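Contents: one structure, followed by commentary.
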Amino acid sequence: MPSLIERVAGPRRAGTRAFHETECGLEGVNGPDVPPHNETGVIGWGTSWRMQGYLLMARHTGRPGYAERLAELIDQVLRARDDVRGVRDFRGRSLPVWSSAHKFTAASAVLCDTDGRPALHLTVCPPHARTAKVTVAADGDRHFRVTVTGPGRADVEVTGLSLDPLDERRADRVLYAAYEQRTAVTARLVPADRPANGPRRPRPGVFALRPTMVSLAAQTGMITYPMAGLARLARERPHAVPTSVRRRVDGYLDAVDRALRVHDEQWGTTDDGRGFYRWLPDEPVSFAGAELPTNEFLAMGRTAVQLAVVTGEDRWRERAAATARALRGDLTVTDGAASWPYWPGFGRVYRGWQATGDPKTDGSDVRPSYRPVTVPEDVTHALIDLDFLCLYDDAPGLPEVFTRADMRAVANTFTRNAVQRGGRGPRLRHDVGGRGRRGTDREQAYVTAWLPLRRWSREVPRLVRAVRPPAPPAPLMGVDSYCAALLAA
C-alpha cells in the first residue's frame, strides 16, 4: 500500500514530466518562441496558457527557473503590443493591447463606384468570413447585384440594388431587409464626397473580404492574467522569483493596468450588481453590442482578482466581485450538481433579439437579429470558469460570493454531469449540462482542469486519473502545458 506521500508525489512527478515534455514538443506557432503579433490570436489563446503553466510550476515548486522563463515569455509578449509594433485597430488607434483579426472578427470590403470613390461598406460575420469573396455585377440598366460566396458558407445573392440614397432599392436598406443569421451580410452606404456625373454605379468585379483588427477583451484578460499572477507570486513567495525578475514586476503591473483600461468602456453591470464586459455596437465582431460569453469576461475577471490582491485597489476588488456575482447568478443546482450556460443568462445572446427596422436602434451594426442561444458551458471553455472559481475562493480580502455549498455543487458538476460513465470507461462529455454528447479526444486532455475542486469532492482525483489520456493528441498546444502543470500542482 503506497504511503500518502508516494500517492501525491507520483502524479506530481508525472505532471512535471508531462509539462516539460509538452514544452519541448511545441512547434510552429505554438512555441517555443512567442509569435511577433497576435493577429491570428495565438498569443491570446495559446501563449497565454503556456504562461499560466509556468506560473503554476513556479508557485507549486518554488523553483526560480520557472518564474525566470515566464518573465522571458512576458517580455516577448509585451513587444507584440499594437503600440510597440505601430499597428492600428479598426478605429485607427494604436493602443497597449494585442489586437486580433483572422477568424475572430468580421470581414469587410469597401466597394467603390466607377469613379473609384468608396460607395458601399459591406460586412460579413464569422464563421468563414475571412475566406469569403463578394462579386459585384450589373443588374439591368439602373441596378446591380451582390453575391457573397466562400468555402464553408451558404452563398447569398441580393439583386436590384442601388447606390442612390433616394432609391427604394437603396443597397444598405435592401441588404438589411434580406439579412439572414447564417449568412450575416450587412452594408453601410458611403456618401459621395462630390456630386456624381449621372447615377452612381459600383465598379464590377470580385473582391476579397478582409478581417478587421480589434482588441478583444477576452484575449487581453488571458494575456495579462499570468503577468499579474507573477507580480502576486513575487510578493507572496519572493524566494520563487529571481531578483532580476522582481525588479521588472512593477513594469509588468503597469502594462497590465494600461491594457485593462483600454476596455473600460466595455465594462457594465446589471441592476443587481453582476459585472461583465460587452462588445460595443460598432465593433466589427459577430456579437457587436452583446455581452461576452461567461468564460470570456471571467478571463478579465481573473486578472482583476490578481490585481485586487496585489494592489488592494477598490476598483479591482469591485470588478472581481461583480464578475463573480455574474457567474454565481447563473449557477443552477439540480440534485446537488451545478450547471451554467455558455452565454450569460442576463445577456442579449442568451435571450436573442429581433430587428427593430433601423440599424441605429438594433444595438448591433452587423447583426439585426439573432436567435436565442441557451446551450450549457462546454468543458473546453470551462477551464477558465473553474480557474476563476478557485482563484476567487482563495483570494484574501475579497467579498464572499461563492459558498461552500456552491463549490461542492461545481465539484459535483464534474463527478455527476461532465463525466459520462459506462462503455470502455469514464469519459468527459462536451458540456457541463449532464446530457451533452461525448467529448472529443482533445477534450479528454483538459480533464485536469477539474483537479483544484478536489477540496470539495474526494471523487475528483480518481475520476481525473480514469479519464485523463496518457498524452494529449497532436499537435501539442499551449493549453496542454497548462493542463500538465495542473497535474504537477
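Quick note: residue numbers are just sequence positions, from 1. For the numbers below, each heavy atom of this structure counts, side chains included, while hydrogens, waters and symmetry mates do not. Quick caveat: nothing in here was measured; it's all calculated off a predicted structure.
Ion pair R278/E283 not flagged as a salt bridge, since none of the NZ, NE, NH1 or NH2 atoms sits closer than 4.0 Å to an Asp/Glu carboxylate oxygen. One finds no salt bridge joining D83 and R93 here, because no Lys/Arg side-chain nitrogen approaches an Asp/Glu carboxylate oxygen to under 4.0 Å. Using a 4.0 Å cut-off between a side-chain N of Lys or Arg and a carboxylate O of Asp or Glu, D264 and R315 qualify as a salt bridge.
Between the side chains of S108 and T123, a donor-acceptor pair is found at a separation under 3.5 Å.
Sorted by first and then second residue, the pairs that involve residues 208-225 and meet side chain to side chain donor-acceptor pair (under 3.5 Å), not counting sequence neighbours, are N38-Q219, S100-Q219, T220-H263, T224-T303, Y225-D387. Residue pairs satisfying the ring-ring contact (aromatic ring centres under 6.0 Å, His included) criterion with at least one member in residues 302-331, sequence neighbours excluded, are absent. Every pair passing ring-ring contact (aromatic ring centres under 6.0 Å, His included) that includes a residue from residues 412-466 is listed here, sequence neighbours excluded: F414-W450. Sorted by first and then second residue, the ring-ring contact (aromatic ring centres under 6.0 Å, His included) pairs with a member in residues 46-78 read F19-Y54, H20-Y66, W49-Y482; sequence neighbours excluded. Residue pairs meeting the salt bridge (charged side-chain N to carboxylate O under 4.0 Å, His left out) criterion with at least one member in residues 18-34, sequence neighbours excluded: E23-R50.
Here the closest heavy-atom approach between residue R88 and residue S94 is recorded as NH1-N, 4.1 Å. Nearest heavy atom pair, residue D431 against residue E377, reads CB-O, 3.1 Å.
Scored by the salt bridge (Lys or Arg N to Asp or Glu O under 4.0 Å) test, E313 finds no partners at all (sequence neighbours excluded). With sequence neighbours excluded, the residues forming a ring-ring contact (aromatic ring centres under 6.0 Å, His included) with Y370 are F287, W353, listed by chain and number. With sequence neighbours excluded, the residues that form a salt bridge (Lys or Arg N to Asp or Glu O under 4.0 Å) with R427 are D441. Listed by chain and number, the residues in a ring-ring contact (aromatic ring centres under 6.0 Å, His included) with Y252 amount to none (sequence neighbours excluded). Looking at residues two or more places apart in sequence or on another chain, you find a ring-ring contact (aromatic ring centres under 6.0 Å, His included) between W267 and Y277. Checked against salt bridge (Lys or Arg N to Asp or Glu O under 4.0 Å), R261 has the following partners two or more places apart in sequence or in another chain: D257. Scored by the salt bridge (Lys or Arg N to Asp or Glu O under 4.0 Å) test, R421 finds E459 as partners (sequence neighbours excluded).
Proximity of a side-chain donor or acceptor of Q444 to a complementary backbone N or O of L428 within less than 3.5 Å is detected.
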